[in-house]
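A quick write-up on the structure given underneath.
From a predicted model like this one, the values you see are computed outputs, not experimental measurements. One is the number of the first residue; the rest follow in order along the sequence.
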Amino acid sequence: IMDESTPAVVRVKNKYGQTEYHVTGMYDWDNFDSLIKYLIKYWQAQVVESDDKIYSRRSVLRANNVPISLYFDDLLGICFLREDGSDDQSLLEQIEADLIRRLSDA
């Protein structure tokens with residue numbers, strides 16, 4: 001359960017050293033679809049790859065020529081990250097800040 005002390009997005013370094021942005025309070029397929037629509041509408045992203053499994057989903061979107069991998073896992077929830085080897089997190093940090101603002105207003 002989210003309260004005002006729970007951040008809307010939590011950053012985590014994964015075992016590969018990549019920064020993952022976990023969106024808290026979003027744990028279902030509908031929220032995954034909503035995030036894809038959000039990225040398309042507000043960040044002019046395009047879906048370039050999509051993979052659905054039984055308990056997980058993965059989509060890769062491209063916005064401003066930056067690939068954004070979006071993951072959903074039944075147990076872990078939703079996160080997004082760059083998996084192209086670049087250390088430039090500026091676009092993802094902008095998306096993170098926008099999501100925090102939008103989700104705190106909700």
Side-chain angles (χ1 to χ4, degrees):
I1 296 174
M2 283 184 58
D3 61 34
E4 292 184 14
S5 66
T6 305
V9 180
V10 176
R11 287 188 204 183
V12 176
K13 286 278 189 193
N14 67 20
K15 64 183 178 182
Y16 306 109
Q18 300 161 322
T19 302
E20 295 180 356
Y21 298 81
H22 290 262
V23 184
T24 58
M26 293 190 162
Y27 299 103
D28 63 28
W29 298 87
D30 290 339
N31 290 137
F32 183 86
D33 291 336
S34 292
L35 275 174
I36 289 175
K37 290 175 185 170
Y38 158 80
L39 290 168
I40 291 168
K41 180 175 181 176
Y42 294 103
W43 298 94
Q44 294 73 50
Q46 295 179 327
V47 177
V48 295
E49 192 178 322
S50 192
D51 185 26
D52 289 357
K53 295 193 168 44
I54 295 172
Y55 299 108
S56 65
R57 294 172 89 182
R58 174 180 180 260
S59 287
V60 178
L61 297 94
R62 188 169 286 281
N64 293 349
N65 213 26
V66 173
I68 303 167
S69 298
L70 184 63
Y71 284 92
F72 167 76
D73 181 280
D74 245 4
L75 300 174
L76 303 175
I78 297 171
C79 77
F80 59 94
L81 68 151
R82 282 190 81 158
E83 296 181 296
D84 63 346
S86 174
D87 289 330
D88 181 3
Q89 298 293 312
S90 57
L91 180 65
L92 276 65
E93 289 169 356
Q94 291 172 44
I95 293 169
E96 172 194 31
D98 189 53
L99 279 173
I100 288 170
R101 184 181 56 77
R102 289 176 187 277
L103 294 172
S104 65
D105 290 346

Pairwise distance [atom1]([X]) to [atom2]([Y]) - rounded to 0.5 angstrom:
| X | Y | atom1 | atom2 | value |
| --- | --- | --- | --- | --- |
| Phe72 | Cys79 | CZ | SG | 11.5 Å |
| Leu61 | Tyr38 | CG | OH | 12.0 Å |
| Asp51 | Lys53 | CG | NZ | 3.5 Å |
| Ile100 | Ile95 | CD1 | CD1 | 12.0 Å |

ask   = How are the rings of Tyr21 and Phe80 set to each other: parallel, tilted or perpendicular (split at 30° and 60°)?
value =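 Rings of Tyr21 and Phe80: parallel, as their planes differ by under 30°.
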inquiry  = Which residues end up grouped with Val10 if you chain together Ile, Leu, Val, Met, Phe, Trp and Tyr wherever their side-chain heavy atoms are less than 4.5 Å apart?
reply    =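 Val12, which link up through side-chain heavy atoms under 4.5 Å apart, make up the rest of the cluster.
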request  = If you link ILVMFWY side chains whenever their heavy atoms are less than 4.5 Å apart, which other residues fall into the same cluster as Tyr71? By chain and number, please.
outcome  =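 Leu81, all in the cluster of Tyr71.
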task = Mind checking salt bridge (Lys or Arg N to Asp or Glu O under 4.0 Å) for Glu20 and listing every partner two or more places apart, or none if nothing turns up?
result =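 By the salt bridge (Lys or Arg N to Asp or Glu O under 4.0 Å) rule, Glu20 matches no residue at all.
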Residues which pass salt bridge (Lys or Arg N to Asp or Glu O under 4.0 Å) with Arg62, listed by chain and number, not counting sequence neighbours =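 So Arg62 forms no salt bridge (Lys or Arg N to Asp or Glu O under 4.0 Å) with any residue.
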[Y] and [X], any side-chain heavy atoms less than 4.5 Å apart:
| X | Y | value |
| --- | --- | --- |
| Val9 | His22 | no |
| Pro67 | Val48 | no |
| Trp43 | Leu91 | yes |
| Ile36 | Leu70 | yes |
| Asn31 | Val23 | no |
| Phe32 | Met26 | no |

ask   = Ignoring hydrogens and geometry, is there a side-chain-to-backbone donor-acceptor pair from Asn14 to Gln18 under 3.5 Å?
value =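 Yes, because the side chain of Asn14 sits within donor-acceptor range (under 3.5 Å) of the backbone of Gln18.
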request  = Indicate yes or no for a side-chain donor-acceptor contact from Ser69 to the backbone of Arg82 under 3.5 Å, with no hydrogens or angles considered.
outcome  =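 It does not hold such a pair.
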inquiry  = Show me the pairs that pass salt bridge (Lys or Arg N to Asp or Glu O under 4.0 Å) and involve residues 85-99, at least two apart or across chains.
reply    =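 Passing the test, one end in residues 85-99: Arg11-Glu93, Arg11-Glu96, Asp98-Arg101, Asp98-Arg102.
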message = Strictly by salt bridge (Lys or Arg N to Asp or Glu O under 4.0 Å), give each pair with a member in residues 27-46 just once, sequence neighbours left out.
response =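 Found Asp33-Arg57.
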task = Report the C-alpha distance between Ile78 and Leu35 in whole Å, list the side-chain angles of each, state the deciding distance to 0.1 Å, and finish with yes or no for side chain to side chain contact (heavy atoms under 4.5 Å, CB included).
result = CA-CA 9 Å; Ile78 297 171; Leu35 275 174; 3.4 Å; yes
message = Taking Leu76 as the starting point, is it possible to reach Leu92 by hopping between hydrophobic residues whose side chains are less than 4.5 Å apart?
response =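 Hydrophobic grouping puts Leu92 apart from Leu76.
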request  = Check whether Tyr27 and Trp29 end up in the same hydrophobic cluster, where Ile, Leu, Val, Met, Phe, Trp and Tyr are linked by side-chain heavy atoms less than 4.5 Å apart.
outcome  =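 No.
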request  = Indicate whether the side chain of Thr19 and that of Gln89 have a donor and an acceptor atom separated by less than 3.5 Å.
outcome  =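 No, because no side-chain N or O of Thr19 sits under 3.5 Å from a partner of the opposite role on Gln89.
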